[in-house]
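All values derive from a computational prediction rather than experimental measurement. Letters go in sequence order (proteins before strands), and every chain restarts at 1.
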Amino acid sequence: MSHDTINPHEPVAPETEPADEVGTDELSEGPASGEGTEERVADGLDMEPVAAAMAMAEAFGAGEQAPDTSGLRPIGEATYGPPVETETVQGPDNRVHITTTGSYPWRVHCSLIITANDGTRWIGTGWFNGPRSIITAGHCVFIHAPDTPRHGWVRSIQVMPGRNGASLPFGSFVVPRAQLRSVHGWTSSPNHEFDYGAMLLTEPKGDQTGWLGFAAWPDATLQGRTLNLSGYPGDKPSGTQWYHWSAVAALSPRKVYYTLDTAGGQSGSGVYVIQDGSRYAVAIHAYGGSGSNSGTRINTPVFDNLKLWKG
Amino acid sequence: MTGRIRGIVLDADGGPVPDARVALEAGPVPLPDVALLTGEDGTFSFDVPQEGEYAVVAHGEGTSARAVVAVRAAARIELVLG
């Protein structure tokens, strides 16, 4: 006689199709600017003021310009041939160094030093989505390296909100493993479409820094929007914050693709849209290095989890 | 994971560089945008998702180095900053 451990009366439902995860409604959770100075965005602007200033300077000329060599190949290729194609920094690198990290919105972005299960240390980025929660990439909280001591939830993450090189305007704190979160879709296998996670805090540190809003919007709302990203790339001086913006390159139900310049260390950065002066994350940056860069789209179930973690 | 890249970051004098930021800059598939900090002995290791050619880049303060490596099961590289 077999013993069936599954309750035959347990309710079931069909699995959701990916396309169903992008609803027709616009779901939004608002931002907060925290305490202290704020860099406001003028009405109608969809990029940060630093970007608008650059665009203005380019449009009206900024004096003598150096020749644009962005299309030229390195001389070494004449002898040795082209290198493996590097596309993490897309085209000319016009990332903006942010030094006013004590101000909103820059202070919501956190420099992370991640200690993995095997003791190795990594750098990443996170962003406050609420007073007690910081969102990041799934691979910043859970590393896939099967059959090695590195595999699994990381030991701890040192978080430095608004870090500016050696300056820590909001100090530094450590989030232990027990306060990390992700989703089964990521922890069960390294599936890019579910690559997101969070750090839950015991104290409301986000009350000081403020936080980004976040939104699950349909394709029609996202297409054609300007995407903004600020984070801590490893190819720049240690612990410095850099900002960039670009258009949406492509959308799928679970991913957003863009030509934002990024480098190793920016995993976890919020990819956000500015609407009516408010900033809403629409994706969590996760991948570079091959074709356009991409992040996990904040669709309806991701939005629900971000809201759950926000508390 | 199907391969591993091991390496060491050295300075111009051949000494190990701790806390250099090492990342997989390019490869046959999209790669997580994290960077590894080298240990006190300057060493690092990455797991890679499939065989192929990978560009590995190391950044110190004001210096960087880059190498392209073909990975089957494992590969070892040296990156010299400066």
Side-chain angles (χ1 to χ4, degrees), chain A residues 80 82-89 112-116 118-125 136-140 143-148 150-151 165 190 192 195 231-239 255 257 260 262-269 285-295, chain B residues 1-9 17-71 73-75 77 79 81:
Chain A
Y80 301 106
V84 171
E85 193 172 4
T86 60
E87 299 186 49
T88 298
V89 174
L112 308 180
I113 297 181
I114 301 155
T115 301
D118 63 350
T120 55
R121 292 175 308 129
W122 305 70
I123 60 170
T125 302
T136 186
H139 59 254
C140 291
I143 295 175
H144 282 281
D147 304 319
T148 75
R150 190 175 291 175
H151 182 77
H192 293 197
D195 194 341
Y232 290 88
D235 65 337
K236 295 295 190 185
S238 185
K255 298 271 290 184
Y257 298 86
L260 290 163
T262 68
Q266 284 185 271
S267 273
S269 300
H285 176 65
Y287 291 89
S290 179
S292 56
N293 299 334
S294 68
Chain B
M1 295 299 156
T2 62
R4 177 160 276 210
I5 301 171
R6 292 180 208 272
I8 188 166
V9 179
V17 179
D19 287 342
R21 304 174 296 281
V22 185
L24 296 173
E25 191 180 64
V29 292
L31 300 163
D33 238 355
V34 287
L36 178 56
L37 299 176
T38 53
E40 284 298 316
D41 58 1
T43 61
F44 63 89
S45 71
F46 282 102
D47 294 304
V48 295
Q50 68 179 56
E51 295 179 353
E53 263 197 350
Y54 290 84
V56 184
V57 62
H59 300 283
E61 294 312 319
T63 60
S64 63
R66 188 172 176 276
V68 175
V69 58
V71 179
I77 56 173
L79 291 158
L81 297 177

When rounded to the nearest 0.5 Å, the distance separating CG of B:Asp19 from OG of A:Ser238 is 8.0 Å
Here the gap from A:His285 atom NE2 to B:Asp33 atom CG, rounded to the nearest 0.5 Å, amounts to 3.5 Å
Grab the two heavy atoms, one from [X] and one from [Y], that are nearest each other, plus how far apart they are.
{"X": "A:Ser267", "Y": "B:Pro32", "value": "OG-C, 3.9 Å"}
{"X": "A:His139", "Y": "B:Val34", "value": "CD2-CG1, 3.5 Å"}
{"X": "A:Thr148", "Y": "B:Arg4", "value": "CG2-NH2, 3.8 Å"}
{"X": "A:Gly264", "Y": "B:Ala23", "value": "CA-CB, 4.1 Å"}

Proximity breakdown for [X] and chain B, heavy-atom pairs closer than 4.5 Å:
{"X": "A:Thr125", "result": "neither"}
{"X": "A:Ala137", "result": "neither"}
{"X": "A:Ile113", "result": "side chain"}

Can we call the ring centroids of A:Trp122 and B:Phe46 under 6.0 Å apart? yes
So A:Asp235 and B:Val57, side-chain contact (heavy atoms from CB on, under 4.5 Å) or not? Walk me through it. CA-CA 9 Å; A:Asp235 65 337; B:Val57 62; over 6 Å; no
If one checks every heavy atom of B:Thr38 against chain A at 4.5 Å, the contacting part turns out to be backbone
Quick check against the 3.5 Å criterion: does B:Arg21 have a side-chain atom that pairs as donor or acceptor with the backbone of A:Lys236?
yes
